[in-house]
Amino acid sequence: MTEEITTRPARTRYAPSPTGSPHIGNIRTAIFAYLWARHTGGQFLLRIEDTDRKRLVEGSLENIKDSLLWLGLDWDEGPGKGGPFGPYVQSERLELFQSVAKKMVEDGTAYYCYCTPERLDAVNKAKQAAKQAPGYDRRCRTITEAEKDAALASGLTPTVRFKVPLEGVTTFRDLVVKPLTVENSTIQDAVLLKSDGYPTYHLAHIVDDHYMEITHVIRAQEWLPSAPLHVMIYNALGWTMPAFVHAPVILNPPGQKGKLSKRDNAVSVSQYQELGYLPEALLNFLVLLGWSYDDHTEFFTMQELIEKFDIRRIQPTPAKFNLDKLDWINAHYINHVLSVDDYARRCLPFLAESGVISPETAADPGDKWEFIRAACALVKDKVKILTEVPVEIDFLFKPGTDLQYPATDLIGKNDTPAAAAQVLEETITYLRQIPNETYNDREALLAGLSDISENKLHLKNRGLMLWPPRVALSGRTKSPDLMGMIITLGRDETIARLEQARQNLASLG
RNA sequence: GGCGCAUUCGUCUAGCGGCCUAGGACGCAUCCCUCUCAAGGAUGAGACCACGGGUUCGAAUCCCGUAUGCGCUACCA
């Protein structure tokens, strides 16, 4: 068994309902399924489970596809791709489900149920009142012909229910969760085919997984309780079951109870995209929620994940969502993995979104690219998510005259207005007279300013020399690297801002 | 209520009977570096391995209870 798992190419699937942007927990399961298919050299399918017409959300399919693609999860078969086992949308496979349901009734493993929703409700209430477990009383298993005719005559369309074996126990084996055994009598006669002709999940996923030749069903742990029911259905159909992995649920962050909910957290893939998380970082973070490779590896490229991923190392324990760690991983990718060009290019939409540049410029930066790239680069090592970039560098894009800051900020620690003014004075003089090569050379600039600090102004430390220009250029007390700002802003703008600062200082009296 | 699964630092985890006086990471604290903020480096605090019983020469690792958490209990998935 164990050997089979590792050697055979697996066919896995991600089978979401089209109810909006994929939930982060849901997509994590998709990641597991994808990695396992790729790891074994098999196929990853996308299947849309749209059998609940009431919950359909417009645009979901595109949303699902976009999220998958954004994260780098491409599917081999499914919507937009086709494949030998299509269609891959359940609402287009109704005849199949209906014929299977019909056959089960003929085989005696399922039966028509003529109960009305009202009666079902009443049965439940009565059971609860009697302190019994709620559930269907299996009445239609023994319904008489006369009663059946009466129901039909009233215009009612029957559902098809699974005929659960009343005796014995059923054992379900999972690849990560320990074996589970239940008394058959505690399982419900689940509806297989609804009165609207659509199958329920219980029927649809089994039929599809069977005909699509899925080898490994990787799904959320919420399905665990109904797994024994699925075992019985497979048995009733005479089909062999694929291997199962029930991935752990993702819980709310520490301090909050329950599974990850949108009440207090971002939960959809698109939300994280909009917040400025990188797909590779989100993927890396998510895969580590419930899975680990060893005791120390934290970062993985997609290639490494495909190589190293093993479903048997998936954890059975629910994991809390830890935003701090996601931020750390994201910052790591921004700072240490992305090239400056790549990073700056990804900043464009966020700069446009916040109004720092125009949408037109974001779409085609043209000759503004060099400046934008340099500006973004200034904060590459300090930003955790891309939405922070515009707030960190917007002052570079505004006219210097728009900078608003208290003139007292220009005075460094242990410094005086006069000393600060003198520093600005000297800096201006210095920047005016140096050649372009020096101006655009970080190290040379720093050396020049250090020299003035030490040998001309005799300042106690270089910090006193660099502080006033920092505030003058950025209008802030926390800013990017001074030399970087001087170079990025260019000589004219830099000197203009320094001059302006000097005047602000003078106004202090 | 019933059924089920799970239980190692605040969090994510390593560990699959002796290598564990339990390792790594995030976060936190302190220090170093340093032009501010970060990044980076170092150090540290932090888990009697939920609790109680067993099994064994020996248990975080196996078994049984209890507690807690989570999930399911629809003509939703």
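Chain naming here is simple, since letters A, B, ... match the order of the sequence lines and numbering starts at 1 in each. Only a predicted model underlies this, so the values are computations on that prediction, with no experimental measurement involved.
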Practice task
Answer yes or no: is there a side-chain heavy-atom contact under 4.5 Å between A/Leu56 and A/Asp50?
Solution key: yes
Completion exercise
Separation of B/G27 atom P from A/Leu323 atom CG, nearest Å, is 12 Å
Exercise for the section: Rounded off to whole Å, could you give me the CH2-to-P distance for the A/Trp328 and B/G40 pair? Expected result: 9 Å
Handout entry: side-chain hydrogen bond (donor to acceptor under 3.5 Å, both in side chains) involving A/Gln221 - partner list, sequence neighbours excluded
Key = none
Problem - Base partner of B/G46, which must satisfy Watson-Crick or wobble distances under 3.5 Å - result: none
Practice task
In whole angstrom, give the distance that lies between atom NZ of A/Lys178 and atom P of B/U61.
Solution key: 14 Å
Exercise for the section: Using atom CE of A/Met465 as one end and atom P of B/U36 as the other, report the distance to the nearest whole Å. Expected result: 15 Å
Exercise for the section: Side chain of A/Asp324 only, please: which of B/C35, B/C26, B/G4 is the nearest? Expected result: B/C26
Completion exercise
Exactly one candidate in A/Phe309, A/Phe32, A/Phe285 meets ring pair (Phe, Tyr, Trp, His ring centres under 6.0 Å) with A/Trp291; the answer is A/Phe309
Practice task
Please report, rounded to the nearest Å, how far the P atom of B/U36 is from the CE atom of A/Met483.
Solution key: 11 Å
Exercise for the section: May I ask which nucleotide in the shown strands pairs with B/G2, Watson-Crick or G-U wobble, both distances under 3.5 Å? Expected result: B/C72
Exercise for the section: Figure out the OH/C1' separation between A/Tyr343 and B/A39, and round it to whole Å. Expected result: 13 Å
Fill in the blank from the handout: Under a 4.0 Å heavy-atom criterion, the protein footprint on nucleotides 67-77 of chain B, written with B, S and -, is --SSBS--BBB
Practice task
Starting from C1' on B/G27, measure out to CZ on A/Phe321 and report it in whole angstrom.
Solution key: 15 Å
Practice task
Could you tell me whether A/Arg161 sits above the aromatic face of A/Tyr136, with NZ or CZ closer than 6.0 angstrom to the six-membered ring centre and within 45 degrees of the axis?
Solution key: yes
Problem - A/Phe395 side chain near A/Leu403 side chain, heavy-atom distance below 4.5 Å - result: yes
Practice task
Select one nucleotide: of B/A6, B/C3, B/A25, the one nearest the side-chain heavy atoms of A/Val182.
Solution key: B/C3
Problem - Spacing of A/His296 atom NE2 relative to B/A25 atom C1', expressed in whole Å - result: 11 Å
Handout entry: Any A/Thr186 side-chain nitrogen or oxygen under 4.0 Å from OP1 or OP2 of B/C3
Key = no
Practice task
For B/U21, give its Watson-Crick or G-U wobble partner with both distances under 3.5 Å, or none.
Solution key: none
Completion exercise
Those residues at least two apart in sequence (or on a different chain) that pass side-chain hydrogen bond (donor to acceptor under 3.5 Å, both in side chains) with A/Arg346 are A/Glu280, A/Asp342
Exercise for the section: Return the orientation label for the A/Phe299 and A/His332 ring planes: parallel under 30°, perpendicular over 60°, tilted otherwise. Expected result: parallel
Exercise for the section: Assign A/Gln315 to base, sugar-phosphate, or nothing according to its heavy-atom contacts below 4.0 angstrom with the strands shown. Expected result: sugar-phosphate
Handout entry: B/C26 pairs with, by Watson-Crick or G-U criteria that keep both distances under 3.5 Å
Key = B/G10
Fill in the blank from the handout: Against the side chain of A/Asn322, the closest entry in B/C35, B/C26, B/A6 is B/C26
Fill in the blank from the handout: Judged by nearest nucleotide, the residue sitting upstream toward the 5' end of RNA chain B, A/Arg462 or A/Trp291, is A/Trp291
Practice task
Take atom C1' in B/A42 and the same atom in B/C35, then report the distance between them in whole Å.
Solution key: 23 Å
Practice task
Classify the angle between the aromatic ring planes of A/Phe321 and A/Tyr272 as parallel (below 30°), tilted (30 to 60°) or perpendicular (above 60°).
Solution key: tilted
Problem - Assigned partner base of B/C51, Watson-Crick or wobble definition, under 3.5 Å - result: B/G65
Problem - A/Ser292 side chain near B/A14 phosphate (N/O to OP1/OP2, under 4.0 Å) - result: yes
